[in-house]
Amino acid sequence: MTIETPLIGHSAAEVVDESLSGVRVGVVTFPGTLDDRDALRAVRIAGGTGVQLWHGDHDLKDVDAVIIPGGFSYGDYLRAGAISRFAPLMEQITAAASGGSLPVLGICNGFQVLTEAHLLPGSMVKNNHLHFLCKDQRLLVENSSTAWTSSYGEGSEIVVPLKNQDGQFVADERTLDELEGEGRVVFRYVGGNPNGSRRDIAGITNEHGNVVGLMPHPEHAVEPGFGPDSSAFGEVEVRGGVDGLGIFTSVLQKLVNK
Amino acid sequence: MPRIVVDVMPKPEILDPQGKAIAGALPRLGFTGFAEVRQGKRFELTVEGDVTEEVLDHARNAAATLLSNPVIEDVTRVAVIEDAQ
Amino acid sequence: MPRIVVDVMPKPEILDPQGKAIAGALPRLGFTGFAEVRQGKRFELTVEGDVTEEVLDHARNAAATLLSNPVIEDVTRVAVIEDAQ
Amino acid sequence: MTTETTSKKFNIDTVEHAEQTPEQPLPWAELGLKENEYDRVVEILGRRPTAAELAMYSVMWSEHCSYKSSKVHLRQFGDKVTEEMKEHLLVGIGENAGVVDIGDGWAVTFKVESHNHPSFVEPYQGAATGVGGIVRDIISMGARPVAVMDPLRFGAIDHPDTPRLVHGIVSGIGGYGNSLGLPNIGGEVVFDSVYQGNPLVNALAVGVLRHEDIRLANASGVGNKVVLFGARTGGDGIGGASVLASESFDDAKPSKRPAVQVGDPFAEKVLIECCLELFKNSIVEGIQDLGAAGISCATSELASNGDGGMHVELTNVLLRDPSLTPGEILMSESQERMMAVVTPENVAAFEAIMDKWNVEYSWLGEVTDTGRLIIEWDGEKIVDVDPRTVAHDGPVYERPYSRPVWLDGVQADSFSAEAPTDLRAAVLELMASPNMCSKDWITNQYDRYVQGNTALAMPDDAGVVRVDEETGLGIALSTDANGRYSYLNPYDGARLALAEAYRNVATSGAKPMAVTDCLNFGSPEDPEVMWQFAESVRGLADACQELGVPVTGGNVSLYNQTGGVAIHPTPVVGVLGVFDDVARRTPSGWREDGQAIYLLGTTRNELDGSEWANLRGHLGGQPPALDLDAEKTLAAILVNSSRDGMIDAAHDLSEGGLAAALSEAALRFGVGARIGIDELCERDGIDPFTALFSESQARAIVSVPRSEEVRFNDMCTARNFPRIRIGVVDAENDALDVQGHFTLPLAELKEAHEATLPKHFG
Ligand SMILES: Nc1ncnc2c1ncn2[C@@H]1O[C@H](COP(=O)(O)OP(=O)(O)O)[C@@H](O)[C@H]1O
Ligand SMILES: [Mg+2]
């Protein structure tokens, strides 16, 4: 039996908190998912135990939280996330999440899947400039009481990569007002809106705060040497930005303290 | 074989970035006289056999659930086209 | 305001990955009876004023040059729709 | 024509029928065969070929598949390899891609290929399927693809057709590569009117594997099953009307054949994962991707590289277009398909993996030891050939070549324009020029983060990817070419391309190990182009030998010309380097205030073929002189000082010379510097303009922490390599200050550097 390449599961990167290893975080793979390994790595670096989940299964494997990672599931054909949301595993996730118990994070394509599945309101359309855009993006963390953001201080800023083609968040005015009114805007773009998203919204949560979706990629800012060149928390080494790590430690800490 | 066509358009209140880009390009290419452009999708479903009520129902349901996202889109038509090709 | 609709479909001999993905998803969702799905585009051009021959010409030319890529797509319709909406 | 086979859909031209109707005319000329080539087919078979056999020979003996014009020259890549160079080669030239041992049981496979012509016709799909094709080559070696690169060349930036090509090609590369989850870690963008009707779209892919996972394209084990999987077969790549008239429908015309291929990146991503699962569970014996010449190529290559025989039932092929004739099925270039050889015991396991990933497959036949490739259509034999005659015994041409008569005149025409008096304006002009401007507008459309292993990417000198997360073992890659240098002197141009890629890799801190190349030229039937080609191959092979880095594979793209006018000879060279730990990679810009900036190497008056001369509309003289020993020493210094922590930044000097290097190093992190060039001018006997704009080779700038200066200087002295301290990093003043000459605020420089592409394409 040969080793999976590139090697995953044995990163030399320092683990943030060993005491969190009892928490199991599932990462769903759909056909066309791309950032599943990266999300698993992020969970591991944060200290948790990553569990691979397959879209076609009916079993959540006793995980304590779920990440729906980025990528182009089903090629983003039809609409991003449109076909994936009908996957068998999504039924289990929807059932466990809608009541407010299972923490679920949708990153990029995962966010799109969550909106298609109506776990989160609104939707994403093509970027206003119509191009795929990959850049390091500054975000404001507006709500630090969700399952996925409690490690950040209210009003902190973070820098994480953004990379997508259909990243423009849209919703009708009433929904937008409701999101704002209820404090459910979790992340907002700072320093310029990269894609035309309504009210600079980069990420939102459901009414319970357990389901969070965001377009930028915190899992690409967790390991020194492989993240953005900058951090909102001060000077870092080249590609040393790890501002995304807090997302993963948030959920692990919350679950371990439960 | 008969086909069912499903037209899906972005909701009027949702900004349509592709339509907007086209509307901007038209006059530059000398195509004037248009106030607005919207870009939607057109699906052609080839039916295996006859277009029964059941098949049409399937098409309507598929249009409402899979082929469109009601948050941003409207299904503007589900209809049979019979062509002589 | 009157609108001109332009339908653009992938050429029949060209692979349509989106249509293929949809065709694969339909039966999984219980929507059976379809042999093939093709996904094209539908443009609605809102006309400023009346639909003159010139405007129609502009629409036809735009359809052939900007709105479709003749290497892989066919313009299947350019028509005026007058609706009471 | 006789139509006795009434029960069949086609007039099947069987082997038996071919034997009975020796006089039947066949459309060999329309299929691109020359008369002598057709005669050779008849001689090999001892009869006329069937329509299906004709289809196979014609596609496999095309320039693209058989390398008939280039073969005699390419041999040098093998001939000029020493035992020492072979030390790390696990698989050399000849397979889908070469494989290099990088230590700890890891191996890397990489290759660059062209998709030039399809990208001119349909930029988006042409570029997209170019990425798709090269990635399948990497998968078929048993590797997981881990990154892509895209060396591109377009016509003049302000030509009306250029936006169409730039938009289409860039979004095609991104659309396909991003969807596959492969970080784009580098490439090139060059604008030059010689590429107006012939843009170059080269795509490089690199993959990683364990030594024991290497898979080869061969069909061995009599009785093993042959399976085709992935996308269905359509009429792609057959082009226009079917010329296989003898095969046409009985009653109806065949449906149209697509003029271009459309890529399905989703299908390919699924194919990658499903192939890796096959490899992991050791389910395939041999595997081959389907690229040019489709099933013809896969069956004949698999068979001739294995036990020599294969038996295939062609009606088992799953079709997207049922009107395809047998010959067309054999020729089809539909994308996202693979062919594999599987033992009977593994058939069920194979099918389980296909079902898991929802991939279609069909069992076509089995491996035999008859030495014959037999293909049947509904039980009737339509192909009966020795597969080697199809795959390996294609025609070989020693095309005549001659040194162009115009070359002496061009080489004598040295650049002699007066140096500009306003150096500040000249630097701004250079950094805003189409070839030197920031490529962010393009590279921001590519995902460089996916997979989480990218340690360096654009705009650094090389892309760096981690292979082993435990140890940090990793690789660096750079691709380079300079068509203008090659035009002035194709022998030196190819060597210069290698030198630059080698230097870029070393600048990042990696040890250069191996080479891939994509040779883009005009028509081989033009003796002057053929001379450029021969000289380029000779130059590249010689330089590889001198630097001790073997060519492991590559691609030749000929006929890049519009009318009688060929592109500049453009040998794109990719160099792979290895890192023991990517954590010590060197970025191309400085950050620490007060660090010393050194220039390594000697600057001569070498402006011929330079970017500056190009901006003045001049192309003549000789390209910069090349000293490969100096390149080796420079590389050793850069790699060692990275290893020993003596430098924090390094940037090589190439197009645009010192002016470009200083500007880019300052803009990388937005940190300025105070530079003095007077001492340099004195030492090398040059004027300030030459110091800034000359493109002398074997040079780099580095930033050295104060604490390391002594050690660094000692190392250069020990290696007897020229270096000169030209300034310090100045984090206080946001400017590039070339003292006594000009001060350029970084904001102004950045603005000029970044505005060009958005202005033309935004
Ligand atoms: N088409 C492209 N795709 C990806 N990266 C590119 C492309 N073109 C240029 N780059 C990147 O931009 C940077 C600058 O390019 P260039 O000046 O050609 O580098 P160099 O001179 O060091 O070879 C490099 O990191 C290069 O890899
Ligand atoms: Mg360089």
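Within every chain, numbering begins at 1; the chains are lettered A, B, ... in the order of the sequence lines, protein sequences first and strands thereafter. Computed from heavy atoms alone, side chains included, the values below leave out hydrogens, waters and symmetry copies.
Heavy atoms of D:A455 lying under 4.5 Å from chain A belong to its backbone as well as its side chain. At a 4.5 Å heavy-atom cutoff, D:L182 makes no contact with chain A through either its backbone or its side chain. For a residue to count as touching a neighbouring chain, one of its non-hydrogen atoms must lie under 4.5 Å from one of that chain's; by this rule D:P265 touches chain A with backbone and side chain alike. Proximity to chain A is limited to the side chain of D:V270, based on heavy atoms less than 4.5 angstrom apart. For a residue to count as touching a neighbouring chain, one of its non-hydrogen atoms must lie under 4.5 Å from one of that chain's; by this rule D:V582 touches chain A with the side chain only. For a residue to count as touching a neighbouring chain, one of its non-hydrogen atoms must lie under 4.5 Å from one of that chain's; by this rule D:D440 does not touch chain A. For D:R585, the part lying under 4.5 angstrom from a heavy atom of chain A is the side chain only. At a 4.5 Å heavy-atom cutoff, D:S171 makes no contact with chain A through either its backbone or its side chain.
Aromatic ring centres of A:F72 and D:F266: separated by at least 6.0 Å.
Salt-bridge formation is detected for the pair D:R668/A:D229: a Lys NZ or Arg NE/NH1/NH2 atom is positioned less than 4.0 Å from an Asp or Glu carboxylate oxygen. The existence of a salt bridge linking A:R37 and D:E273 is confirmed by a sub-4.0 Å separation between a basic side-chain nitrogen and an acidic carboxylate oxygen.
A:H220 and D:Y449 have parallel rings, their planes meeting at less than 30° on a 0 to 90° scale where 60° marks the start of perpendicular.
Comparing A:Q165, A:E237, A:K135 by heavy-atom pairs within less than 4.5 Å of chain D, the highest count is held by A:E237.
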Practice problem: Tell me, with the steps shown, if D:D447 and A:F132 meet side chain to side chain contact (heavy atoms under 4.5 Å, CB included). | Solution: CA-CA 9 Å; D:D447 184 350; A:F132 186 97; 4.0 Å; yes

